[in-house]
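Shown next, in structure tokens, is the structure this report addresses.
Atoms within each ligand, like the ligands themselves, are counted from 1 in listed order.
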Amino acid sequence: MLPAGSTIGILGGGQLGRMMAVAALQLGYKVVGYAPEGDNVAADACSDFITAAWDDAAALARFADACDVVTWEFENVPLAAVAALPERLLACPPRALEVAQDRLREKAFAAGLGGSPAPYAAVESADELAAAIRRVGTPGILKTARDGYDGKGQWRVRSGVEAGALAFPGVTCIYEGFVTYETEFSVILVRGRDGTVRFWDSTANLHEGGMLARSVLPAGALVEAQVPAARELARKVADALGYVGVLTLEFFATREGPIFNEMAPRVHNSGHWTIEGAATSQFENHIRAICGLPLGGTKTRFEAIEMRNIVGEEALEAHKILAEPGEPHLHLYGKREAREGRKMGHVTRVGHAVK
Ligand code: AMP
């Protein structure tokens, strides 16, 4: 168990790191962050924050010297940056990052463990896209294999003609069949150093423009029926990676069963409701796991819960939400610029306590 007063290093400077840092402070730890120049809102909760490029060897060495354990809040941290840190500092094997950074790899990995992704093909050129469309069919989605998030780096393809008009992005892509689903849901688990796994309840996740808008509990009968199979896959993924901390897998609930979409080797936007809604939040359990502390319970505390993201300029007036009925819980991330489509905060509403 990492003693109180020790320092947790977080790679990445966004809101997930900020909320992780708040949980770490509560448990008596100090936090040092590391990320390139940007709106690093995690810095507000860190005793030190190193702003440097991912390939700055001297800065990474300074970061390593300051930390007793290192975790990440962002799955696209370059592997070379992680490899530059002493292995003993890494709470979780970096293979989790390696798999999750590449949509082709994560789909093959999940399929190898019995998961069912949508039909897909790797594409490197416009010709290969045409071939992939012949094999997989339309409608479909072309996605960059790496570095996409919140619907960025994605193009809907309704027909072969439309694909012909698409300027091929010039990087490795994945073309996947469009899934007709009833609901999207995620499985969020925490795995301790000793291999203990706990799951939070799965919310129904509603997306707008490729980005999560709301997470809702209860998630409905179809999701509930598919959660056991989805959890089984998530547990296998976590075990196979020797994972430590919070891991998220996203699924489409279809009439034919759960279709695996992607994984995130970190705390997740669809788990923000756990701060007020569960016995222990995803952030706190992540910190507990990486520090070797006993894990907290994950039980849902209320009969109904809704988490809604606050996006773009809505954040400028967000404090008004506090006057609304139902005791809304407001979280603002302290971002300097309320750009359109940017996650600025979230609000969680809870219903009656579970008896
Ligand atoms: P992703 O970045 O892969 O999570 O995609 C962002 C969102 O786009 C998902 O949460 C879905 O709402 C939608 N989406 C992505 N892939 C598919 C697919 N194959 N079929 C249907 N919808 C998809």
Side-chain angles (χ1 to χ4, degrees), residues 14 16 74-76 96-97 99-111 115-123 129 132-133 135-160 162-163 166 169 171-188 202-216 219-220 222-223 226 230 233-234 237 246-273 307-309 311 341-343 346:
L16 302 179
F74 170 61
E75 71 269 37
N76 289 324
L97 282 180
V99 172
Q101 285 180 357
D102 186 325
R103 292 184 185 278
L104 290 160
R105 248 185 121 157
E106 72 186 349
K107 284 203 166 54
F109 192 78
S116 307
Y120 70 94
V123 289
L129 176 58
I133 288 173
R135 205 159 64 245
V136 174
T138 54
I141 305 190
L142 182 70
K143 303 178 181 177
T144 56
R146 306 179 72 91
D147 294 329
Y149 69 98
D150 286 347
K152 295 177 181 70
Q154 297 192 7
W155 301 269
R156 295 269 170 111
V157 179
R158 270 163 287 244
S159 68
E162 196 174 273
L166 200 80
V171 289
T172 301
C173 287
I174 178 171
Y175 177 74
E176 49 183 78
F178 193 84
V179 178
T180 308
Y181 56 84
E182 305 265 316
T183 320
E184 292 188 61
F185 71 100
S186 44
V187 168
I188 308 182
S202 286
T203 54
N205 297 331
L206 296 106
H207 290 77
E208 283 169 18
M211 191 169 103
L212 183 68
R214 294 194 302 134
S215 290
V216 178
L222 189 70
V223 170
Q226 301 194 2
L233 176 65
V237 168
V246 170
L247 172 73
T248 307
L249 269 71
E250 292 183 68
F251 294 89
F252 302 116
T254 73
R255 290 277 156 217
E256 290 75 44
I259 299 293
F260 168 78
N261 180 28
E262 62 175 353
M263 60 182 263
R266 53 165 171 79
V267 291
H268 197 258
N269 191 175
S270 64
H272 290 359
W273 65 272
M307 186 289 308
R308 184 173 70 76
N309 279 334
V311 179
R342 194 161 192 228
K343 291 174 182 169
H346 71 267

Next on the checklist: Between Met263 and Val237, is there a side-chain heavy-atom distance shorter than 4.5 Å?
Outcome noted: yes
Numbered in order shown, the ligand 1 atoms found under 4.0 Å of a heavy atom of Glu176 are 16 (N), 17 (C), 18 (C), 19 (N)
> Would you call Gly177 a ligand 1 contact, heavy-atom distance under 4.0 Å?
Replying inline: yes
* Hey, mind stepping through Arg103 and Glu176 against salt bridge (Lys or Arg N to Asp or Glu O under 4.0 Å) and telling me if it holds? -> CA-CA 10 Å; Arg103 292 184 185 278; Glu176 49 183 78; 5.5 Å; no
Would you check, one step at a time, whether the test side chain to side chain contact (heavy atoms under 4.5 Å, CB included) holds for Tyr181 with Ile259?
CA-CA 9 Å; Tyr181 56 84; Ile259 299 293; over 6 Å; no
A student checking ligand 1 against His207 at a 4.0 Å heavy-atom cut-off should list atoms 10 (O), 12 (O)
Closest heavy-atom pair, Ala234 versus Val187, reported as atoms and distance to 0.1 Å, is CB-CG1, 3.7 Å
Ligand 1 atoms nearer than 4.0 angstrom to some heavy atom of Tyr181 are 12 (O), 21 (C), 22 (N)
of all protein heavy atoms, closest to atom 16 (N) of ligand 1 is Lys143 NZ, 2.8 Å
Counting heavy atoms under 4.0 Å, the part of Leu212 that contacts ligand 1 is neither
Checking heavy atoms under 4.0 Å, the part of Ile141 that sits near ligand 1 is side chain
Within the 4.0 Å heavy-atom cut-off, what Met211 brings close to ligand 1 is neither
* Can you find a pair of side-chain heavy atoms, one from Phe251 and one from Thr183, that are under 4.5 Å apart? -> no
Q: Answer whether the closest heavy-atom distance between the side chains of Asn261 and Lys107 falls below 4.5 Å.
A: yes
Between Ile141 and Phe178, is any pair of side-chain heavy atoms under 4.5 Å apart? yes
Checklist entry - Got Asn269 and Met307 here, is their nearest side-chain heavy-atom distance under 4.5 Å? => result yes
closest protein heavy atom to atom 20 (N) of ligand 1 is Val179 N, 2.8 Å
Ligand 1 atoms nearer than 4.0 angstrom to some heavy atom of Asn261 are 1 (P), 3 (O), 4 (O)
**Non-hydrogen side-chain atoms of Lys343 and Met211 separated by less than 4.5 Å** = yes
Does an N or O anywhere in Gly210 fall below 3.5 Å from an N or O of ligand 1?
no
Looking at Glu106, Glu184, Glu262, the heavy atom closest to atom 12 (O) of ligand 1 belongs to Glu184
shortest atom 5 (O) of ligand 1-to-protein heavy-atom contact is with Gln154 NE2, 3.1 Å
- Check whether any heavy atom of Arg103 sits under 4.0 Å from an atom of ligand 1. yes
